[in-house]
Amino acid sequence: MFRGDVMFRGYDLRQRIVIDVNTAERLGTISDVEIGESDGAIRQIIIRRRGGFFARAFGFGEISVPWSAITAVGREFVLVNSLVFGENYLKNK
């Protein structure tokens, strides 16, 4: 279960599978994290979607998910609530 006092390194989150808790859909894997310059906190995760070169070239290969949308972090999976970031998700789907 996700707890606010747990610390994660950005490197530790990479390659974890991201699942939408609303649809049980596999969204992709974490490829990067965005960190706040002033406080060093993780602001959002970047999910690399499955797809070929053309999907990535035209901007459909990644989804930005705010840290507030994450509901749980496990060893292999990260659960996210797509209702929190729905517009970005739908635009890149």
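Computed over heavy atoms, backbone and side chain alike; hydrogens, waters and symmetry mates excluded.
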*side-chain hydrogen bond (donor to acceptor under 3.5 Å, both in side chains) partners of residues 72-81, not counting sequence neighbours, each pair once*: Asn22-Asn81
Would [X] and [Y] show up in the same hydrophobic cluster when neighbours are defined by side-chain heavy atoms closer than 4.5 Å?
X	Y	value
Ile19	Ile30	no
Leu79	Val33	no
Leu27	Val73	yes
Trp67	Ile35	yes
Val78	Val21	no

Could you pull out the closest heavy-atom pair between [X] and [Y], with the gap in Å?
X	Y	result
Gly74	Arg16	O-NH1, 2.5 Å
Ile47	Ser31	C-OG, 4.4 Å
Pro66	Val84	CG-CG1, 4.3 Å
Ser38	Arg43	OG-NH2, 4.1 Å

_Any non-hydrogen side-chain atom of Gln44 less than 4.5 Å from a side-chain atom of Val65?_
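Not touching, per the 4.5 Å side-chain cut-off.
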*Is any side-chain heavy atom of Ile42 less than 4.5 Å from a side-chain heavy atom of Leu13?*
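They are in side-chain contact.
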